[in-house]
Amino acid sequence: MIDVERIRRDFPILGREVYGKPLVYLDNAATTQKPQCVIDAISEAYCNENANVHRGIHFLSQQATDMMEAAREKVRQFIGAGSTEEIIFTRGTTESINLLASSFAQAFLKEGDEVIISGMEHHSNIVPWQIQAGKLGFTLKIIPVTDLGELDLDAFSSLLSPKTKLVSITHVSNVLGTVNPVSRIISLAHSHGIPVAVDGAQSVPHIKVNVQELGADFYAFSGHKIYGPTGIGVLYGRKELLEQMPPYQGGGEMIKRVTFEKTTYNELPYKFEAGTPDYVGSIALASALDYVQSVGMDEIARYESELCSYALGRLNDIPGMRIIGNAPERSAVISFLVGNIHPSDMGTLLDRLGIAVRTGHHCAEPLMDRMGIPGTVRASFSFYNTRAEVDSLVSGIERVRAMF
Ligand code: PLP
């Protein structure tokens, strides 16, 4: 059982006020707040363990290297990967997908090929593919989204063809909250011999993910969305694919030997980690993963699912409420519109009441076009949010409604 009051005390920022009102932080899909242990891990690393990794024989460098590699092992275990060679540290989901798109495209894609993405992707799982498609001449195919906010799997099946070289889809939509049936999507793609990449930015913080059980070939997520620091993220990739892919960036650490005539590349995962990595970020990410594991991923999923059902029930009672995304399988993100109130008016007025929500297109403009709306108000929850905070949101919306 989650003791939410005890958990809230682990997050110093949750105790603060904005505009003289207690902060109600419902923007967790954008970034999560940090527990004290993560803040301490960063401070501790700079106070006691700071030295550049992988290059020094001196004590501190070795210690920092060991801690970063222990963090890699922690990530491996957290997402159920087979080997630390398959865990690449990046700056976040965006960089993970850019790395993947650039390197996978160079290795495996040519004119006439097709990559399938979906109509509910974040821009970071659209634009990197468009950039590569522009260079190499392959085509993007889009899985349509239904009115309920689910992927149309029949349409997906009919998109698969011998031209398809990769499927890249989000596990959980950052707008609709839909949890996509990635296992089924992966099985279907694999039955045609097609690898699948999964954007896990909104799944890893909320549900237990095991990349091997899912069968994912690539899986990306961001540290800052799972209570870790900004500037650190992960790309998991299956070793046999990563081995065939060229480096993304050149520089220190990613090489074995450099001459002016020829350079040979380092082993996995270092081939993809050019330059000084954010080793402090990876150490603090490991601390965040320890923290969520100490709460329990199953407990987190259960608590957030109950909180989300409660919020949906209360929000649906508000006259003029339109929830965008009503898939039965959903995570802790709720997008909505109320009557004719513009999302940014709603967001600005809620902010004055101390309630932090996000408004706009949420980096998913094609999805907004599909739904025929300019944007939404989005409340996104964490296991540190409470029913009382949902009640504050509901009464805040009622107040705004009364003003219009
Ligand atoms: N993918 C999804 C589904 C997201 O929600 C986000 C961020 O909101 C991203 C990718 C990009 O993550 P980041 O900005 O941490 O790279």
Side-chain angles (χ1 to χ4, degrees), residues 25-34 38 75 79 88-102 117-131 142-143 145 149-151 167-180 182 185 196-207 209 214 216 218-236 248 278 281-282 284-285 288-289 304 324-325 327 329-335 356-368 370 375-382:
Y25 185 78
L26 301 178
D27 194 18
N28 294 286
T31 199
T32 50
Q33 300 302 347
K34 315 306 167 198
V38 169
V75 172
I79 60 167
I88 301 161
F89 283 122
T90 64
R91 283 193 303 123
T93 308
T94 303
E95 191 177 52
S96 295
I97 301 176
N98 275 277
L99 185 167
L100 172 67
S102 161
I117 60 174
S118 89
M120 64 168 81
E121 298 309 314
H122 188 280
H123 294 162
S124 62
N125 197 26
I126 302 174
V127 186
W129 298 110
Q130 284 176 330
I131 292 172
I142 315 298
I143 311 171
V145 177
E150 295 180 288
L151 294 180
V167 176
S168 187
I169 39 141
T170 193
H171 196 157
V172 171
S173 162
N174 66 312
V175 177
L176 309 166
T178 311
V179 180
N180 287 318
V182 284
I185 290 171
V196 179
V198 182
D199 172 349
Q202 299 295 345
S203 48
V204 169
H206 303 287
I207 50 185
V209 168
L214 286 174
F218 300 98
Y219 203 98
F221 69 96
S222 299
H224 70 99
K225 293 188 198 282
I226 185 163
Y227 312 97
T230 51
I232 189 78
V234 171
L235 176 66
Y236 158 80
Y248 171 54
D278 184 357
S282 54
L285 172 61
L289 299 182
E304 290 180 351
I324 312 296
E329 286 296 318
R330 63 176 308 142
S331 177
V333 172
I334 303 177
S335 270
V357 292
R358 186 146 293 239
T359 62
H361 55 61
H362 315 296
C363 297
E365 287 191 280
L367 179 61
M368 297 297 125
R370 157 65 184 90
T376 74
V377 184
R378 182 184 74 183
S380 52
F381 301 92
S382 155

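Every number for a ligand or one of its atoms is a count from 1 in the order of the listing.
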What short N/O contacts, under 3.5 Å, does ligand 1 make with the protein, listed by atom pair and distance?
{"from": "ligand 1", "atom 1": "1 (N)", "to": "D199", "atom 2": "OD1", "distance (Å)": "3.2"}
{"from": "ligand 1", "atom 1": "1 (N)", "to": "D199", "atom 2": "OD2", "distance (Å)": "2.5"}
{"from": "ligand 1", "atom 1": "5 (O)", "to": "Q202", "atom 2": "NE2", "distance (Å)": "2.7"}
{"from": "ligand 1", "atom 1": "8 (O)", "to": "K225", "atom 2": "NZ", "distance (Å)": "2.6"}
{"from": "ligand 1", "atom 1": "15 (O)", "to": "S222", "atom 2": "OG", "distance (Å)": "2.7"}
{"from": "ligand 1", "atom 1": "15 (O)", "to": "H224", "atom 2": "NE2", "distance (Å)": "2.7"}
{"from": "ligand 1", "atom 1": "16 (O)", "to": "T93", "atom 2": "N", "distance (Å)": "3.4"}
{"from": "ligand 1", "atom 1": "16 (O)", "to": "T94", "atom 2": "N", "distance (Å)": "2.8"}
{"from": "ligand 1", "atom 1": "16 (O)", "to": "T94", "atom 2": "OG1", "distance (Å)": "2.5"}

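For the side chain to side chain contact (heavy atoms under 4.5 Å, CB included) test with L151, the passing option among T178, I185, V182, T170 is I185; the others fail.
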### Task
Given side chain to side chain contact (heavy atoms under 4.5 Å, CB included), test F89 with V234 step by step and report yes or no.
CA-CA 5 Å; F89 283 122; V234 171; 4.2 Å; yes
### Message
Please determine whether side chain to side chain contact (heavy atoms under 4.5 Å, CB included) holds for the pair K34 and H224, giving the CA-CA distance in whole Å, both sets of side-chain angles, and the decisive distance to 0.1 Å.
### Response
CA-CA 8 Å; K34 315 306 167 198; H224 70 99; 3.9 Å; yes
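Taking the six-membered ring for Trp and thresholds of 30 and 60 degrees, H171 and Y219 have ring planes more than 60 degrees apart, a perpendicular arrangement.
Using modelled atom types, no side-chain atom of K225 and backbone atom of T32 make a donor-acceptor pair closer than 3.5 Å.
H122 is linked by a side-chain contact (heavy atoms from CB on, under 4.5 Å) to S124, N174, D199, C363, counting only residues two or more places apart in sequence or in another chain.
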